[in-house]
Structure formats: C-alpha cells, structure tokens
Q: 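Just dropping this structure here.
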Amino acid sequence: MPDLEPKALSQERLEDLADLYDNAPCGYIILLPDGRIGRANATLANWLEIPVQELVGGKFRERLTMPGRILFETHLVPALRMHGSVTEIALDLLTGTSAKLPVFVSANERRDDNDALEFTRVIIFKATDRRSFEQSLVRSREEASKGLAEEKATGALREQFIAVLGHDLRNPLASVEAGLRMVSKEPLSPKQARLIGLMQASSQRMHRLIDDVLDLARGQLGSGLTLSLDASMPLEHTLRQVIDELASTHPEVNIEVNIAIDRSIACDHGRMGQLVSNLLGNALTHGAADKPIRVDATAGSDWLTVSVSNAGDPIPPAAMAQLFRPFFRGTVRASANGLGLGLHIASMIAQAHGGTLTVSSTPAETRFTFRMPLQARPSDDFEAATSP
C-alpha cells in the first residue's frame, strides 16, 4: 500500500491537496480541544467575509449567534463526546458584518491511543437556499390549512343556511296546502277545479324539493339521514302505494310491478318509499314513453332487492360516474323539473340502510338496483360516507 504521509507526496500533489482543502465547495475547520479554530479553509472565510488569519485562533462559539451557541454547548458538544460525530446540525454563523449565515454542520473527533481528544474536524454547508425553501413550504402549508379551514367554515355556514331555509319554508307551504284542500271541498267550476289541481301538484312538488334540500343538508353537515325502523308494517304495501301515486300522474306510461316479499323487513318505510319514488320518477323522466317501466322487489333469506328498469337511450359512460352526485341532472326533457338530487338522496337512503344502489345501462335497458342485507343493521358509518 503506498505511503500517503505528506512527506512522501510530491510538491505538486501537496499543492493539489492544499487547493482541494482551501477551495472545497464546503467550509472546513479544525477545532482544537479548547474550542479554538486551529485551521480554516478559504471557502468558509469567503462566506463569512473574514480573512482566514482572523478566523484561526478564535473561538468557534464566538462565530455563532446566541441560539447557535446554546445549541452548540447543549447538543453538538455533548453528542460529539458521546458518539464521536454529529451530522447536519442547523446553526447560524455570524459574518464579518454581523449578518446571519444559515449553515448545516457535521463533525467528527480524532482521539489518540489514550482516548484523549486531539482535534475535531468540522464540515460546514451553506443552508440559505434550503432554509428558504423549507420556510416557503411551511408558509404554503399554513396558508393552505388556513384556506381549507375557511372553506370548511363557509361550507358549513352555507349548509346550515340551506337547512334553516328549507325548514322555514315548510310552514308557509303547509298553510298553502291546507288552504287548497279547504277550497277543493267547495263547489267549483271545471276551470277552477283544474287550477286548484295544478296548484296542489305544484305545492306537492315544492314540498318534495324542500325535503330533498333538507336531506342533502343533513348529509353534507355530517348528521346523516335519520331512520325509523319498523318491521311491523308490510313493505309491499308501502311500495305499491308509492308506485300507484306516480302511476296516477302518468297514466300514459305502462308500469309493470312484480313484488314478492313474504317476510317482515326492518326498514324505514318512509325512506324506502322515497327511494322507490326517486328511482321510478327518474325512469319516468328518462325512459322511453312508449315502453313499459318495470319495478321488481324480492326478499330472499339474506337480501332485499328492489330494482327499477326502463327502456330508452343508454346512459353515456361519462355520465355514469356522476349519476349519484348531487345536482347532476344529465340530459333531461324540457318539461323535466328538479334539482338533480333524486338519485343522490336515493343512494344516501341505501347507505343508511347498510345497502347499495347500483346502475347498469345498455341499449336494451337501464336498471337501478337497491340491495340491502337483511341480517345487517343500518350502517353506523353512514355519517362518514355522506360527508364531503
């Protein structure tokens, strides 16, 4: 192995090593056991704007800011004594003009055979750019967190407003509906009866819109839909009542019904009726007017399955992923009215019962299918599932 002691090196080699030391891309110093700088390279001297001869012989701690001195004495020196080395300790050095120079310091010790400290090698890297980048990241994170908090607060306020508005609209609407019922019992001309009927239909539609808005607000606010489970009532009666109501308003459409439920089902009958009403209303809006709509409901040993299918144009693939999102309406007929909440609320009702609502669509048929496990309780995770 070649002898690498300085006396064995050529003068040219020694000059190369000296240049490598003085003009290294990092600061380099040798600390003596008493804390004085025994040697310093030109790179560090240039950074600090202090001549090398002024650095050598001075205490290294004197080149540190006050927080840096505390860290040097309480962390860096004890870590060196315990482990013999430290890596990337963040400090601030003082330049000749008393400006701060952010740096990272790594160091290791050299000891003799008796474990006495001979000197400490210290490598110093500039951290100005890195420190600025880290501070920029922290500021960006804080600004993003602040913006998110403000957006959540604004969203919560908006949803609370929607909930309060929907609740307050019910009272005057109830008065209007009560007045229409009273007037409808009086002797009316054919024209008056037709107008009263139109007004009653409009008020009922308004009532459904308010219910949809309130349900959406409950879901978005995190309280979820409330369920009132009842296994004493036959579900078939609830479903047929909803279907008959919609069929009476669309006498031109053939609605085929197949219900085979021979057992009691613990569910919220009002919500189940709302789910079927929304699905059937969607089929009446988007289905082919000259083709029948089919409603199937079966209850096996493990699952309740309710499906609504219709003929007509298939749902475009781009729209499939958006169907259950609030306010999505897709392409509707000019006469179709609504907020685009029906399918979204139907999916919320399905989740609240611990079930699922899925859709399939082909040129031959579009089918929405609700499936609910009969042994499972309503989902305890519904609130999380419906949060934004």
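Because the structure is a prediction, the values reported are computed rather than measured.
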Q: Do V253 and I293 make a side-chain contact, defined as non-hydrogen atoms from C-beta onward lying under 4.5 Å apart?
A: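 SC-SC contact between V253 and I293 confirmed.
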Q: Using every non-hydrogen atom in the two residues, find where S347 and L357 come nearest and quote the distance to one decimal.
A: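 For S347 and L357, the tightest heavy-atom pair comes out as N-CD2, 3.7 Å.
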Q: Taking a hydrophobic cluster as the set of Ile, Leu, Val, Met, Phe, Trp and Tyr residues connected by side-chain heavy atoms closer than 4.5 Å, whether directly or through intermediates, do F119 and L117 fall within one such cluster?
A: no
Q: Same cluster or not: M233 versus M272, using hydrophobic residues (I, L, V, M, F, W, Y) connected whenever any side-chain heavy atoms lie under 4.5 Å apart?
A: no
Q: What's the separation between atom CG in D230 and atom CG in L227, rounded to the nearest 0.5 Å?
A: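 Atom-to-atom, D230:CG and L227:CG are 12.0 Å apart.
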Q: For residues 26-48, which residue pairs qualify under ring pair (Phe, Tyr, Trp, His ring centres under 6.0 Å), counting only residues two or more places apart or in two chains?
A: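 Matches after skipping sequence neighbours: Y21-Y28.
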Q: Please report the shortest heavy-atom distance between V306 and A297, naming the atom on each side.
A: CG2-CB, 4.0 Å
Q: Report yes or no: do F370 and M320 belong to one cluster of Ile/Leu/Val/Met/Phe/Trp/Tyr joined by side chain heavy-atom distances under 4.5 Å?
A: yes
Q: Among the clusters formed by ILVMFWY side chains lying less than 4.5 Å apart, do V52 and I123 turn up in the same one?
A: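 Cluster IDs for V52 and I123 differ.
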Q: Salt bridge (charged side-chain N to carboxylate O under 4.0 Å, His left out) for E109 and R81? Distances and angles first, verdict last.
A: CA-CA 8 Å; E109 295 181 337; R81 297 296 178 266; 2.4 Å; yes
Q: What residues form a side-chain hydrogen bond (donor to acceptor under 3.5 Å, both in side chains) with N114, not counting sequence neighbours?
A: none
Q: How many angstroms lie between OG in S360 and CZ in R367, if you round to the nearest 0.5 Å?
A: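 These two atoms lie 6.5 Å from each other.
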Q: How long is the gap from CD on E62 to CD1 on I37, to the nearest 0.5 Å?
A: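 Rounded to the nearest 0.5 Å, the CD-CD1 separation comes out at 9.0 Å.
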Q: List the steps and the verdict of side chain to side chain contact (heavy atoms under 4.5 Å, CB included) for N310 and K291.
A: CA-CA 7 Å; N310 61 268; K291 301 290 183 180; over 6 Å; no
Q: Specify the closest pair of heavy atoms between I196 and S184, including all atoms of both residues, with the distance to one decimal.
A: CG2-CB, 4.0 Å
Q: For the pair H344 (side chain) and F324 (backbone), establish whether a donor and an acceptor sit closer than 3.5 Å, ignoring hydrogens and angles.
A: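 Indeed, once roles are kept as given, a pair shorter than 3.5 Å links the two residues.
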Q: Mind checking whether V295 and I259 have side chains closer than 4.5 Å, heavy atoms only?
A: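 Side chain of V295 against side chain of I259, heavy atoms only: no contact under 4.5 Å found.
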Q: How many angstroms lie between atom CZ of R371 and atom CG of L304, to the nearest 0.5 angstrom?
A: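 Reported to 0.5 Å precision, the distance equals 9.5 Å.
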Q: Any chance you could measure D92, atom CG, to K100, atom NZ, to the nearest 0.5 Å?
A: 6.0 Å
Q: Please round to the nearest 0.5 Å and tell me the distance separating atom CG of L343 and atom CG of L279.
A: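 Between atom CG of L343 and atom CG of L279 there are 6.5 Å.
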Q: With sequence neighbours excluded, tell me which residues meet side chain to side chain contact (heavy atoms under 4.5 Å, CB included) with L71.
A: H75, I89, L91
Q: Going by side-chain hydrogen bond (donor to acceptor under 3.5 Å, both in side chains), name the residues that satisfy it together with T97, two or more places apart in sequence or in a different chain.
A: T95
Q: What residues, two or more places apart in sequence or in another chain, satisfy side chain to side chain contact (heavy atoms under 4.5 Å, CB included) together with T74?
A: I70
Q: Would the distance check show the side chain of S307 and the main-chain N or O of F368 forming a donor-acceptor pair, the cut-off being under 3.5 Å?
A: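 Not confirmed, S307 side chain does not pair with F368 backbone.
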Q: Between P51 and A45, what is the shortest heavy-atom contact and its length?
A: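 Looks like C-CB, 4.3 Å.
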Q: Does the T285 side chain pair with the main chain of G281, one donor and one acceptor, at a distance under 3.5 Å?
A: yes
Q: Between L64 and R69, what is the shortest heavy-atom contact and its length?
A: O-NE, 3.2 Å
Q: Quick one: side chains of residues 53-61, donor-acceptor pairs under 3.5 Å with protein atoms, not counting sequence neighbours, listed by atom name and distance.
A:
| from | atom 1 | to | atom 2 | distance (Å) |
| --- | --- | --- | --- | --- |
| K59 | NZ | D34 | O | 2.5 |
| R61 | NE | E73 | OE2 | 3.1 |

Q: Is the closest side-chain heavy-atom distance between L374 and R263 below 4.5 Å?
A: yes
Q: Quick test of your reading: applying side-chain hydrogen bond (donor to acceptor under 3.5 Å, both in side chains), list the pairs with at least one residue in residues 251-261, sequence neighbours left out, ordered by first then second residue.
A: E256-R294, N258-D296
Q: Are V122 and L94 grouped together when hydrophobic residues (ILVMFWY) are joined by side-chain heavy atoms under 4.5 angstrom apart?
A: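 No, it is not one cluster - the side chains of V122 and L94 are not joined through contacts under 4.5 Å.
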Q: Got a sec, which residues hit side chain to side chain contact (heavy atoms under 4.5 Å, CB included) with A24, two or more places apart in sequence or on another chain?
A: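 A24 satisfies side chain to side chain contact (heavy atoms under 4.5 Å, CB included) with C26, N41 once adjacent residues are dropped.
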Q: Looking at S361 and I315, would you say the former's side chain and the latter's main chain have a donor-acceptor pair under 3.5 Å?
A: yes
Q: Side chains of R121 and I30: does their closest heavy-atom pair fall under 4.5 Å?
A: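 In contact.
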Q: If you take all heavy atoms of S264 and A231, which pair is closest and at what distance?
A: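 Minimum heavy-atom contact is CB-O, 3.2 Å.
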Q: Apply the test side chain to side chain contact (heavy atoms under 4.5 Å, CB included) to residues V86 and V105: give CA-CA distance (whole Å), side-chain angles for both, the deciding distance (0.1 Å), then the verdict.
A: CA-CA 8 Å; V86 294; V105 173; 5.5 Å; no
Q: In chain order, what residues pass the side-chain hydrogen bond (donor to acceptor under 3.5 Å, both in side chains) check against R110, with sequence neighbours excluded?
A: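 R110 satisfies side-chain hydrogen bond (donor to acceptor under 3.5 Å, both in side chains) with E118 only.
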Q: With sequence neighbours left out, what residues match T298 under side chain to side chain contact (heavy atoms under 4.5 Å, CB included)?
A: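 Here the qualifying residues are A260, T305.
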Q: Who passes side-chain hydrogen bond (donor to acceptor under 3.5 Å, both in side chains) against T369, sequence neighbours left out?
A: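 side-chain hydrogen bond (donor to acceptor under 3.5 Å, both in side chains) check on T369 returns nothing, list empty.
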Q: Determine whether N278 and L280 satisfy the following criterion, side chain to side chain contact (heavy atoms under 4.5 Å, CB included), listing intermediate values before the conclusion.
A: CA-CA 6 Å; N278 288 353; L280 184 53; over 6 Å; no
Q: What verdict does the side chain to side chain contact (heavy atoms under 4.5 Å, CB included) test give for C267 and H353, after you've listed the backbone C-alpha separation in whole Å, the side-chain angles of each residue and the deciding distance to 0.1 Å?
A: CA-CA 7 Å; C267 64; H353 282 85; 3.7 Å; yes
Q: Output side-chain donor-acceptor pairs under 3.5 Å for residues 239-247, partner residues at least two apart or in another chain, one line each.
A:
| from | atom 1 | to | atom 2 | distance (Å) |
| --- | --- | --- | --- | --- |
| R240 | NE | E236 | OE2 | 2.8 |
| R240 | NH2 | E236 | OE2 | 3.3 |

